[in-house]
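The chain is numbered in sequence order, starting from 1. In listed order, ligands and their atoms are each counted from 1.
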Amino acid sequence: MANWKMNPATFREARKLFDETKKLTSAAQGVSIVVCPPAIFLRELATGQRAGSKIAFGIQNAHFEERGSFTGEISMPEAKDAKASYVLIGHAERRALGETDEEVRKKVSAAITANITPVLCVGEKSRESGEYYDVVREQLRAGLMAVPEKKVSKVVIAYEPVWAIGAAAAMNPREMHEMAIFIRKTIVERFGDAGHKVTILYGGSIDAKNAADMLQNGDVKGLLVGRASVDAKAFGELVRAVSLA
Ligand code: PGA
């Protein structure tokens with residue numbers, strides 16, 4: 001998943017970044033790409049994309065109410081109408097701006113209702129205190145609280161340790177493997193076997209050099225990529241590194 005965050009500055013640049021991304025990833029096999037551009041660019045970028053093509057779209061945030069007096073917000077049905085099939089929920093940068101577990105929980109439910117795949121982002125701020133498993137368990141508990149058992153397999157979990165976002169290096173894949181086991185166990189404890197079907201992604205300083213190792217050894221199905229996704233060449237290299245072709 002390509003999280004462009006608040007980049008680039010103009011639609012013209014966004015178009016160029018998207019077209020180059022498309023070109024540079026067109027030969028890849030066995031890779032699905034989700035581009036999450038700034039919401040204001042979403043519909044226009046998505047227009048003309050063939051259904052069933054390798055690239056789908058996501059929105060970086062959406063509100064939990066369907067409509068109403070919420071100045072500046074975008075609802076899940078509106079995001080869906082603008083061609084988003086995924087929504088990032090509870091990204092660390094949004095939690096840092098004050099997004100609460102309660103809002104995250106409501107957003108996960110609203111996404112499921114609107115038939116958009118929720119990508120629930122979890123991750124501890126640091127590892128100093130040694131309580132990081134508790135932090136992740138609590139974020140999972142709160143975020144998934146209102147999800148019915150038969151819908152849990154629709155949720156994607158993006159584990160992003162905050163200390164590895166925008167950092168110099170990604171987490172060690174071996175540690176990710178341990179965390180993936182913990183996340184799955186936590187979800188299975190609450191939801192039973194359906195929890196085994198939940199897709200887990202890793203995010204935080206992923207690039208062309210570390211992506212394949214993380215996918216092979218980190219027990220994750222995909223990657224949430226920030227900086228390396230707003231540079232088409234870097235993203236193309238990353239996708240090539242994990243492609244089966
Ligand atoms: P990064 O961002 O790849 O630039 O570390 C990841 C993210 O915040 O999703």
A.B. asks: In terms of residue, atom name and distance, what is the protein heavy atom nearest to atom 3 (O) of ligand 1?
C.D. replies: Gly226 N, 2.9 Å
A.B. asks: Which of the numbered atoms in ligand 1 are below 4.0 angstrom from a heavy atom of Asn3?
C.D. replies: 9 (O)
A.B. asks: Which atoms from ligand 1 have a heavy atom of Gly166 less than 4.0 Å away?
C.D. replies: 1 (P), 5 (O)
A.B. asks: For atom 7 (C) of ligand 1, grab the closest protein heavy atom and report residue, atom and distance to one decimal in Å.
C.D. replies: Glu160 OE2, 3.1 Å
A.B. asks: Below the 3.5 angstrom mark, is there an N/O of Gly203, backbone or side chain, next to an N/O of ligand 1?
C.D. replies: no
A.B. asks: Is any NZ, NE, NH1 or NH2 atom of the basic residue among Glu189 and Lys185 found under 4.0 Å from an Asp or Glu carboxylate oxygen of the other?
C.D. replies: yes
A.B. asks: Salt-bridge test for Arg227 and Asp207: reply yes if a basic N is under 4.0 Å from a carboxylate O, no otherwise.
C.D. replies: no
A.B. asks: Counting each atom of ligand 1 from 1 as listed, which ones have a heavy atom of Lys5 under 4.0 Å away?
C.D. replies: 2 (O), 6 (C), 7 (C), 8 (O)
A.B. asks: Within ligand 1, which atoms have a heavy atom of Ile165 less than 4.0 Å away?
C.D. replies: 2 (O), 5 (O), 8 (O)
A.B. asks: Ion pair present between Glu99 and Lys107, side-chain N to carboxylate O less than 4.0 angstrom?
C.D. replies: yes
A.B. asks: Need the ligand 1 atom indices (1-based, order shown) with element for anything under 4.0 Å from a heavy-atom of Gly204.
C.D. replies: 5 (O)
A.B. asks: What's the spacing between Tyr202 OH and Glu160 CD if we round to 0.5 Å?
C.D. replies: 8.0 Å
A.B. asks: Do the two ring centres, one from Phe57 and one from Phe18, sit under 6.0 Å apart?
C.D. replies: yes
A.B. asks: Go through it in stages, so that I can follow the logic: the residues are Asp134 and Arg137, the test is salt bridge (charged side-chain N to carboxylate O under 4.0 Å, His left out), and I'd like the CA-CA distance, side-chain angles, deciding distance and then a yes or no.
C.D. replies: CA-CA 5 Å; Asp134 296 338; Arg137 186 194 290 112; 3.1 Å; yes
A.B. asks: Can you list the atoms of ligand 1 that are under 4.0 Å from a heavy atom of Arg227?
C.D. replies: 1 (P), 3 (O), 4 (O), 5 (O)
A.B. asks: Please list, in number order, the atoms of ligand 1 under 4.0 Å from a heavy atom of His91.
C.D. replies: 7 (C), 8 (O), 9 (O)
A.B. asks: Less than 4.0 Å between a side-chain N and a carboxylate O, is that true for Lys23 and Glu20?
C.D. replies: no
